[in-house]
Amino acid sequence: MSAFCGPAKPTVCGFDCVAEGEKYDYHQEIARSRYGDMLYDQDRNKKYYQGIREAVAHVQAQGEKVIVLDIGTGTGLLSMMAVTAGANFCYAVEVFKPMADAAKRIVEKNGFSDKIKIINKHSTDVSVGPGEDMEMKANLLITELFDTELIGEGALPTYEHAHRHLVQEGCVAVPHKATVYAQLVDSQLLCSWAQLQPIELQGTQLLPPPAMSNCSGTHSVCDIQLSQISPLSFIPLSPVCTMFSVDFSKPVRSAPQSYSSQFVAQSRSQAQVVLSWWDLEMDPSGTIVCTMAPSWTYPDPTMAPWRDHWMQSVYFLPARCTIDKGEDLSLTVSHDDYSLWFSLKSHSQKHLQGNMILSRPFCTCQAHLVWDRPRFGELNDKVRTESYVNALRSVLKEDSVCLGVSDGSLLPVFAHIMGAKKVFSLENFSMMKQLIEQVLDANSLRGRVDLLNIRPEQLTSKDLGGEQISLLIGEPYFSTSLLPWHSLFFWYCRTALAGLLRPDATILPCSATLHMVAVEFQDLWRIRAMCGTCEGFDVTPMEEMVQKSLDFQESREAEPHPLWEYPCHALTKSAAVMAFDFTQCVPQQPLISQGSLPFIRSGHCHGVAVWLEFHLTPDVSVSVGLTKPINDQGLCEWNRHSKQGVYFFRSGRETSGNDRAAVFYNIVFEPTSGNIQMDFDIKSH
Ligand code: SAH
């Protein structure tokens, strides 16, 4: 079954994304779009259809012709629903050309071309009047312009404009209303994504720079499958608060606004994390509701619909603060035209973050600009840190001369604290270098790690003051890595640095292994599933377009997914399928690995998960994939701060687990390009 190749090709001097280009971007955009997931979201589709039927009937009951404006028509789905429900005419506006073209084909295939006009424009460019894009203003406004944060795709300015220019006064809207909810919680896991925390090391504490601790972070939303965070793993500090609603049938304002909700603190705790989601009421009476509430808010969590195009959001308050049980608090949400942010205020004299309310948070410490949320989690992960400390302890000597190769890495700082004679660190990005300088300053270690803004192949013995490197260290972490194996860039750096290493130099990690396991996904398979028809409408032209983009050679690659958010069940054992020996330079010849993993459990094999393990020393390893052995039922536990590679089979296969079928693999690491090509196939023995 088809092959895929890694898109980013490490070369000696960096990543060389040969496939980047317009054509690649175009296919990527289509292949990775969430249209398939939306079409598979039956809860959403059915509720839209119900809401549209009611709205059409309502306008008809007023004795009017039903003229629809569908902004962001995508496949044309909601317009086709409207016409089927009895609408007289639909203006279906879609800004993305490939989608507008697909919508035309879909509308034609379903026989609606005379009732639906596809307008390939941004709605704010649409003109109204005789002979214009729209002959007249609409009296039914239908849209689905929402993202996980509700307004992040520009719903507010789009509605504001539509009410002013494209729809009649008193128009009906589907959805009728959106409401945003929030809950203040104390979650250790999520808190570790907010800021760098002090790190215990050899009896001392490595402190984060004050600028970092006082930084309110970025305003960018952290979207997450919140149902995968067990409610047992966090402490609720507030009830679920209703923060604000937007009525889409009335003129909408996109100007910045704030809304507060009062509550009594449920627990004495540290407050910093706000969980948030929204719902859509499709009809004015609020009986048709499509909610993004996480599964643990349902009496029966299995009743929660699954979707990936809308998840839930995590927001971080500008600072962590202690709150008392019983304290009167008010949680405030503010928004501008594209984003939301939260702040917390105490009703007592103790103002927590009162003056922050209207100003959008922005990063003043740089860390939030260069480290993403999971990277904070990784740096704050005590178990991971302990692995590095144990590994360093076992290889460090008093006369060690260390060179660190990673981006924005604390590992060289650890090496210094743990007693290395001299430590250098290659920090290729100036912002990362400045960040590590801040950490050194905050711990009175300025100058103790020599931070060099030099590429590995340009480094000379002079830059190292004539020293030879006895210990080369890497997490390895590179900010440009999208898929786990992109970190093999470390191997190329090690090769470029060979001439500067002592003959007996230690390399940490000494090796890496590529691992795979074939899996059945509980839900993630839906993002690649083809449904053919959606609510009775033939949407195959869109699916064919997506398939064509997936087939476009450079797009046929593994996709990065944080698998801890997407439960799956192992159908084979997990296995190391290729090893990379960092004690040696990158070889001249390709590495080839072929074999098969028999199915040992029953299920539907949707794909293969692939990741790397780094062997820091022969005894200490860190995994960016599975963090525990797979249990008897096939349950997989994944690293919560990393993404794994997922290869989807186009049509998967049912297995009984003892039907002599297996996943065959053929993996080729091509050293000159740095490409890893993988072929997976399901066959019977
Ligand atoms: N209505 C479809 C697709 C929703 S996805 C459905 O419900 O299945 C949202 C679509 O809106 C995207 O295709 C995006 O390109 C388009 N879009 C977003 N804002 C727009 C705007 N202001 N004008 C035109 N198209 C817009």
Side-chain angles (χ1 to χ4, degrees), residues 32-56 70 72-85 92 99 102-103 106-107 109-110 112 142-148 150 153 174-179 223 225-228 277-283 286-312 520-547 565-568 604 606 648 651-652:
R32 303 275 178 267
S33 67
R34 292 283 183 240
Y35 294 106
D37 184 26
M38 279 183 238
L39 294 178
Y40 234 88
D41 185 348
Q42 289 190 8
D43 178 67
R44 177 197 87 120
N45 300 341
K46 289 199 183 314
K47 286 171 177 161
Y48 259 98
Y49 210 169
Q50 253 182 300
I52 288 170
R53 281 197 195 102
E54 285 203 9
V56 169
D70 171 10
T73 198
T75 53
L77 178 70
L78 305 182
S79 287
M80 294 192 293
M81 287 178 178
V83 171
T84 309
M99 256 348 274
I106 292 169
V107 162
K109 198 163 182 186
N110 288 278
F112 293 113
I142 301 177
T143 70
E144 200 277 63
L145 299 165
F146 313 111
D147 68 345
T148 291
L150 187 70
E153 280 176 14
V174 180
H176 173 73
K177 183 169 139 181
T179 303
D223 52 0
Q225 289 283 359
L226 206 49
S227 300
Q228 296 310 317
W277 58 86
W278 46 264
D279 65 24
L280 296 176
E281 285 174 28
M282 296 297 179
D283 59 327
T287 47
I288 313 162
V289 182
C290 182
T291 176
M292 305 310 125
S295 63
W296 37 260
T297 60
Y298 284 68
D300 175 2
T302 61
M303 295 308 287
W306 185 88
R307 47 191 144 229
D308 207 41
H309 62 108
W310 291 328
M311 293 185 247
Q312 294 80 29
E520 173 181 61
F521 286 110
Q522 190 179 300
D523 300 296
L524 190 64
W525 58 272
R526 292 171 207 268
I527 67 168
R528 286 285 154 270
M530 299 288 159
C531 50
T533 59
C534 176
E535 293 302 311
F537 303 105
D538 183 342
V539 291
T540 46
M542 200 278 306
E543 295 183 331
E544 282 158 12
M545 179 174 82
V546 170
Q547 199 55 58
E565 293 183 54
Y566 303 100
C568 64
H604 190 100
H606 296 118
F648 288 98
S651 50

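Atoms considered below: every heavy atom in the structure, side chains included; atoms not considered: hydrogens, waters and symmetry mates.
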I'd like to know whether H176 forms a side-chain contact (heavy atoms from CB on, under 4.5 Å) with D283, so could you lay out the CA-CA distance, the side-chain angles of the two residues, the decisive distance to 0.1 Å, and finally the verdict.
CA-CA 5 Å; H176 173 73; D283 59 327; 5.7 Å; no
Taking all heavy atoms of [X] and all of [Y], pick out the closest pair and write down the distance.
X    : Y    : value
W296 : L226 : NE1-O, 3.0 Å
E535 : N45  : CG-CB, 3.8 Å
T143 : P175 : O-CD, 3.3 Å
G74  : A103 : O-CB, 3.2 Å
A293 : Y298 : O-CE1, 3.6 Å
L280 : Y48  : CD1-OH, 4.0 Å

So, taking the atom named [atom1] in [X] and the one named [atom2] in [Y], what distance separates them when rounded to the nearest 0.5 Å?
X    : Y    : atom1 : atom2 : result
L77  : Y49  : CG    : OH    : 9.0 Å
I527 : H309 : CD1   : NE2   : 12.0 Å
F146 : W278 : CZ    : CH2   : 6.5 Å
M311 : Q228 : CE    : CD    : 11.5 Å

W525 and Y40 aromatic ring geometry - parallel, tilted or perpendicular at 30°/60° bounds
perpendicular
With a 4.5 Å limit on heavy-atom distance, are the side chains of [X] and [Y] in contact?
X    : Y    : value
L39  : M542 : yes
E144 : W310 : yes
C568 : F521 : yes
Q312 : T148 : no

Please indicate whether K177 has more than 12 foreign heavy atoms, meaning atoms of other residues, nucleotides or ligands, lying under 6.0 Å from its NZ.
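No.
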E544 atom CD: more than 12 heavy-atom contacts under 6.0 Å
yes
D41 pairs by side chain to side chain donor-acceptor pair (under 3.5 Å) with which of R307, K47, K46?
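The option that passes is R307.
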Is a side-chain N or O of [X] found less than 3.5 angstrom from the main chain of [Y], in a donor-acceptor match?
X    : Y    : result
D37  : D308 : yes
E543 : M530 : no
E565 : Q225 : yes

Does E520 have any side-chain contact (heavy atoms from CB on, under 4.5 Å) partners at least two apart in sequence or in another chain, and if so, which?
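In terms of side-chain contact (heavy atoms from CB on, under 4.5 Å), with neighbours along the sequence ignored, E520 is linked to H569, L571, H604, H606.
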Got a sec, which residues hit side-chain contact (heavy atoms from CB on, under 4.5 Å) with P541, two or more places apart in sequence or on another chain?
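Residues passing side-chain contact (heavy atoms from CB on, under 4.5 Å) with P541: R105, I106, K109, D538.
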Give the intermediate values and the outcome of side-chain contact (heavy atoms from CB on, under 4.5 Å) for residues D43 and C290.
CA-CA 7 Å; D43 178 67; C290 182; 3.5 Å; yes
Show your reasoning for whether side-chain contact (heavy atoms from CB on, under 4.5 Å) applies to T297 and W277.
CA-CA 11 Å; T297 60; W277 58 86; 4.0 Å; yes
